[in-house]
Amino acid sequence: MKKQSTYKRITDISLYDFMRRIPDEQTAEQYIIQLRWRGEPVCPKCGGIRIASTKDRKPQPFRCRDCRSHFSVRTGTILAQSNVKLDQFLYVVYLLTVHPKGVSSLQIAREVGITQKTAWFLAHRIRKAWEQGGDLFSGPVEVDETYIGGKEKNKHESKKLKQGRGTVGKAAVIGALTRRGGKVQAKPIQSTDKATLQGFVRETTKDGEQLFTDEHKGYAGMPEFDHSAVKHSIGEYVDGMIHTNGIESFWALLKRGYIGTHHHMSKKHLHRYVD
């Protein structure tokens, strides 16, 4: 029987297995070396592979014999200026990844044994590393928009905008989901006008692909796509292959995270939570 690799993705294992595989900071460092450099340290400054270990790991654990710079597994990463232990860092990555509705900074602080302030900054650094990008989606692609924020009726009287209900006081978010693999790209937007909605579609979807949206007028007039719309206004949610159920399931998870985990996502940092 083939021995199971120590470097299996941490999101594919149970918490019990994670604690066995990453029991201390030294193991965590070796895990990151394997992920980042495939087994042996590489100089992040010059790309050199002639690397020496420094005595007492000072000023850094590794020294490049080519450019003589010192570095560690933290150099050039989101942990470059952090004092959080590497095994704690990997555990926070694990928590944020395996919980689809997110984990609050208070919960991270309790589980990891750090302050809430440290947990908050660490979680946002990890979300920063998850910023989206990559190739354009192939079809079929679903595109939809939603609104994130608290209900007016649940706000303190002094914070009510008193401008009606519905989307008042909420932030608009748009997303695209490819049914080929279920990947999602999403981001907050300032407006749901035609230019914004169609601009996002063109930023995320290849020309000529199947595109499914609702009947929002902002999506009308994109001849470069094979575009079909489901008519929510008349109670139509599925018409054969035409629906936006996939991206709406993503919105459901995001909103459950808002309501049940974080309780508030500021507009300043909303893009991090969406990522």
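Remember, it's a predicted structure, so these values are computed and weren't measured experimentally.
Note that the CZ atom of Arg50 and the CZ atom of Arg63 stand 9.0 Å from one another [nearest 0.5 Å]. To the nearest 0.5 Å, atom OG1 of residue Thr27 and atom CG of residue Asp87 are 8.5 Å apart. Here the straight-line distance linking atom CG of Leu95 with atom CD of Gln107 works out to 8.0 Å at 0.5 Å rounding. For the atom pair Ile108 CD1 and Gln116 CD, the distance stands at 9.5 Å (nearest 0.5 Å). A distance of 9.0 Å separates CD in Gln34 from CD in Glu40, rounded to the nearest 0.5 Å. Here the OG atom belonging to Ser228 is positioned 4.0 Å from the CD1 atom belonging to Ile242, to the nearest 0.5 angstrom.
More than 12 heavy atoms of other residues, nucleotides or ligands shown are found within 6.0 angstrom of CD on Glu131. Applying the 6.0 Å contact sphere to CG of Asp24 captures more than 12 heavy atoms from other residues, nucleotides or ligands. Heavy-atom neighbours of Gln26 CD from other residues, nucleotides or ligands within 6.0 Å: at or below the threshold of 12. In Arg68, the CZ atom is not crowded: 12 or fewer heavy atoms of neighbouring residues, nucleotides or ligands sit closer than 6.0 Å. For Arg20, the CZ atom sits in a loose shell: 12 or fewer heavy atoms of surrounding residues, nucleotides or ligands are nearer than 6.0 Å. Heavy atoms from other residues, nucleotides or ligands lying under 6.0 Å from NZ of Lys101 number 12 at most. Within 6.0 Å of the CG atom in Leu253, the count of heavy atoms belonging to other residues, nucleotides or ligands exceeds 12.
At a threshold of 4.5 Å between non-hydrogen side-chain atoms, the residues Arg74 and Phe89 do not count as touching. Side-chain contact between Ile78 and Leu122 is absent, with no heavy atoms from C-beta onward closer than 4.5 Å. The side-chain heavy atoms of Cys46 and Ser69, taken from C-beta on, include no pair separated by under 4.5 Å. In this structure, Leu86 and Tyr31 have side chains that are not in contact, with every pair of non-hydrogen atoms separated by 4.5 Å or more. With contacts defined as side-chain heavy-atom distances shorter than 4.5 Å, the pair Arg202/Gln198 qualifies. Put simply, the side chain of Thr97 reaches to within 4.5 Å of the side chain of Trp130, judged on heavy atoms. Residues Thr244 and His232 have side chains in contact (heavy-atom distance under 4.5 Å, counting atoms from C-beta outward).
Heavy atoms only, all atoms of each residue included: Ile51 and Pro41 are closest at CG1-O, 3.3 Å. When all heavy atoms of Ala186 and Trp251 are compared, the pair lying nearest together is CB-CH2, 4.2 Å. Shown here for Lys45 and Cys67, the closest heavy-atom pair between the two residues is CD-SG, 4.2 Å. Nearest heavy-atom pair across Lys206 and Ser138 is NZ-OG, 3.5 Å. Pro61 approaches Glu29 most closely through the heavy-atom pair CG-OE2, 4.3 Å. Closest approach of Ala220 to Lys194, counting heavy atoms only: O-CE, 3.2 Å.
Thr213 pairs in a side chain to side chain donor-acceptor pair (under 3.5 Å) with only one of the listed residues (Glu142, Glu145, His227), which is His227. Between Tyr273 and the options His264, His263, His262, a ring pair (Phe, Tyr, Trp, His ring centres under 6.0 Å) holds for only His262.
Criterion: ILVMFWY side-chain heavy atoms under 4.5 Å apart, direct or through other members. Under it, Phe71 and Ile32 are part of a common hydrophobic cluster. Placement of Ile22 and Val112 within a single hydrophobic cluster is found when ILVMFWY residues are connected by side-chain heavy-atom separations under 4.5 Å, directly or transitively. Tyr147 and Tyr258 are assigned to two separate hydrophobic clusters, defined by single-linkage of ILVMFWY side chains at heavy-atom distances under 4.5 Å. Grouping the Ile, Leu, Val, Met, Phe, Trp and Tyr side chains by contacts below 4.5 angstrom, directly or via other members, places Ile247 with Leu254. Linking Ile, Leu, Val, Met, Phe, Trp and Tyr residues whenever their side-chain heavy atoms come within less than 4.5 Å places Ile114 and Met19 in a single cluster.
Under 4.0 Å is where a charged nitrogen must lie from a carboxylate oxygen, and between Arg127 and Asp275 no such pair does.
In this structure a side-chain-to-backbone donor-acceptor pair under 3.5 Å is present from Ser249 to Asn245. One N or O on the side chain of Thr115 and one on the backbone of Thr118 form a donor-acceptor pair closer than 3.5 Å. A side-chain donor-acceptor contact under 3.5 Å links Thr54 to the backbone of Gln60. A donor-acceptor pair is defined here as one N or O able to donate and one able to accept, closer than 3.5 Å; no such pair exists between the side chain of Asp56 and the backbone of Lys58. Under a 3.5 Å cut-off, the side chain of Thr178 and the backbone N or O of Lys183 do not form any donor-acceptor pair. The backbone N or O of Lys85 lies less than 3.5 Å from a partner atom in the side chain of Gln88, making a donor-acceptor pair.
For His70 and Phe62, the ring centers sit 6.0 Å or farther from each other.
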Just do the side-chain contact (heavy atoms from CB on, under 4.5 Å) check on His99 and Thr261 with the steps written out, would you? CA-CA 10 Å; His99 288 80; Thr261 301; over 6 Å; no
Kindly indicate, with the supporting measurements, whether the criterion side-chain contact (heavy atoms from CB on, under 4.5 Å) is fulfilled by Ile49 and Trp37. CA-CA 10 Å; Ile49 59 175; Trp37 296 307; over 6 Å; no
Let me see the working for Ser233 and Glu215 under side chain to side chain donor-acceptor pair (under 3.5 Å), right down to the final yes or no. CA-CA 8 Å; Ser233 61; Glu215 75 273 38; 2.8 Å; yes
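Ring pair Tyr91/Tyr94 is parallel by interplanar angle, where below 30° counts as parallel and above 60° as perpendicular.
With side-chain heavy atoms closer than 4.5 Å counting as contact, directly or through intermediates, the hydrophobic cluster containing Phe137 also holds Val141, Val143, Ile174, Ile189, Leu197, Phe200, Val201, Leu211, Tyr219, Met222, Phe225.
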